[in-house]
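To start, the structure under review is shown below, and the notes come after it.
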Amino acid sequence: MIFNRYRRGLFITSFLAAPVILYLVYVISPYIQAFYIAMTDWRGVTATPTFIGLDNFKRLLSDGTFWKAVTHNGALLVLLPLITIVIALFFAFLLNVGGAQGTTGIRGSKFYRVVFFFPQVLAVAVVAVLFQQVFRPDGSGMLNGPLMALGVKPIGFLSDPGVAFWSVLGVMVWQAVGFYVVLFSAGLASIPRDMFEAAQIDGAGRVSLFFRITLPLLWDTVQVAWVYLGILALDVFAIVWVMTDQHGGPDWSTTVMAAEIYRNAFQYFRFGYASALGVVMFFFTVGFAILSLRFSRRERIEY
């Protein structure tokens, strides 16, 4: 009996060892290296970087561009999940419970799911290039063209510092919302139709159906969506780098931490400073995920 247990334990351990080793080598080890490089002045060309302690982190505190990037990431952290989830919940509710009977989706809901999901299959760089053309400031722009034809002054969607950030946010919402429409639709499909029918018999309208049945029963899914969208808001890079002027302009009005990491590492060759930025971004991301899961926790509703 003891020998059989030993063989079983050895068998299980042999299967677990490979993924654990791979995780340590390709995930944990790079993190440790990044923490070390963040405390050096390494420029990517020397074999033995000079250890400078926390100097890179002290430099961050007086870096105006860094604080602009943090501000933009913070704004995206609040606005992107909030706007995306509200829009996705609205469309998912219509597609699943918005029909004439109030317990089925609207006509053509399957087609609309495909339409909403389509932006998700496009590469982020493709989306950025696409919206560069949409936001063109001349008559060939998809938005400014009609405005100029009507005699309205064109809007500098990507050239006006006061508008550029909101343009980036709009593109991010446009690309993300389709996935969460499908995600919330899957959650709604698992809710028994009897609940909606019983609520309607009791006189509940569509607003009551949403806030008293749909939202409470989808709360776990909403919580996961909030965390994923928050991480996306902190990790945004390609949209900003490809779509905006000067990769974060104009006048750093759209720059984010990921863009500053890339700029310092591969344009200024300040790998130590870039790693310090990466460490700060790592703790922001982990802290956001922990706080979101902690404060959005609630009693699970069984049905």
Side-chain angles (χ1 to χ4, degrees), residues 1-54 56-57 60 73 77 81 117 120-121 123-125 176 179-180 182-184 186-187 190 218-238 241 256-262 264-266 269-300 302:
M1 181 69 70
I2 296 177
F3 180 71
N4 289 336
R5 288 181 179 177
Y6 172 77
R7 291 182 59 186
R8 186 185 308 164
L10 184 62
F11 178 77
I12 295 173
T13 302
S14 64
F15 273 91
L16 292 177
V20 169
I21 291 173
L22 289 174
Y23 187 81
L24 289 173
V25 172
Y26 292 107
V27 178
I28 302 301
S29 176
Y31 279 132
I32 295 173
Q33 293 177 45
F35 293 157
Y36 168 72
I37 294 172
M39 293 185 286
T40 69
D41 64 350
W42 191 45
R43 299 186 63 85
V45 293
T46 57
T48 55
T50 303
F51 185 82
I52 58 175
L54 299 177
N56 283 326
F57 296 96
L60 283 175
N73 276 115
L77 186 62
F117 191 77
Q120 192 66 32
V121 306
V124 179
F179 174 81
Y180 294 96
V182 174
L183 180 66
F184 294 146
S190 67
L218 279 182
W219 187 256
D220 288 345
T221 308
V222 172
Q223 181 188 49
V224 172
W226 189 281
V227 173
Y228 284 170
L229 285 165
I231 293 174
L232 173 64
L234 289 171
D235 197 34
V236 58
F237 170 73
W241 194 263
V256 289
M257 285 191 286
E260 291 308 309
I261 291 172
Y262 184 91
N264 279 278
F266 300 107
F269 298 102
R270 300 189 297 216
F271 285 88
Y273 189 66
S275 294
L277 283 164
V279 170
V280 172
M281 184 174 169
F282 166 79
F283 283 111
F284 277 174
T285 306
V286 173
F288 164 76
I290 293 173
L291 291 175
S292 296
L293 293 174
R294 174 66 181 85
F295 289 107
S296 61
R297 185 181 302 168
R298 59 185 293 177
E299 184 178 351
R300 186 179 181 85
E302 299 292 342

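The first residue of the sequence shown is numbered 1, and numbering continues consecutively from there.
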Next on the checklist: Classify the ring geometry of Phe271 against Phe269: parallel below 30°, tilted from 30° to 60°, perpendicular beyond 60°.
Outcome noted: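 Because their plane-to-plane angle lies in the 30° to 60° range, the rings of Phe271 and Phe269 count as tilted.
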
Checklist entry - Mind checking what makes side chain to side chain donor-acceptor pair (under 3.5 Å) contact with Asn73, not counting sequence neighbours? => result none

Checklist entry - Which heavy atom of Val227 sits nearest a heavy atom of Ser292, and at what distance? => result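 Taking every non-hydrogen atom into account, CG2-CB, 3.9 Å.
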
Next on the checklist: I need the minimum non-hydrogen distance between Val236 and Ala258, along with the two atoms involved.
Outcome noted: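 That would be O-CB, 3.3 Å.
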
Checklist entry - With Phe237, which residues qualify under ring pair (Phe, Tyr, Trp, His ring centres under 6.0 Å), at least two apart? => result Trp241, Tyr262

For [X], which residues count as a side-chain contact (heavy atoms from CB on, under 4.5 Å) partner, sequence neighbours excluded?
X      : answer
Met39  : Phe51, Leu54, Phe57
Val224 : Tyr228
Asn264 : Glu260, Tyr268, Arg270, Tyr273, Ala274, Leu277
Leu24  : Val20, Ile28

So how far is it from [X] [atom1] to [Y] [atom2], rounded to the nearest 0.5 Å?
X      : Y      : atom1 : atom2 : answer
Trp226 : Tyr180 : CH2   : OH    : 12.0 Å
Leu77  : Leu229 : CG    : CG    : 10.0 Å
Ile231 : Thr285 : CD1   : OG1   : 6.5 Å
Phe283 : Ile290 : CZ    : CD1   : 10.0 Å
Trp42  : Ser275 : CH2   : OG    : 8.0 Å
Leu183 : Phe117 : CG    : CZ    : 10.0 Å

Next on the checklist: Looking at Ala276, is its backbone amide N or carbonyl O close enough to the side chain of Asn56 to form a donor-acceptor pair, meaning the two atoms are under 3.5 Å apart?
Outcome noted: no

Item to check | Donor-acceptor contact below 3.5 Å, side chain Ser29 vs main chain Tyr26 | outcome: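 Answer holds: no.
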
Next on the checklist: Is it the case that atom OH in Tyr31 sees more than 12 heavy atoms from other parts of the structure closer than 6.0 Å?
Outcome noted: no

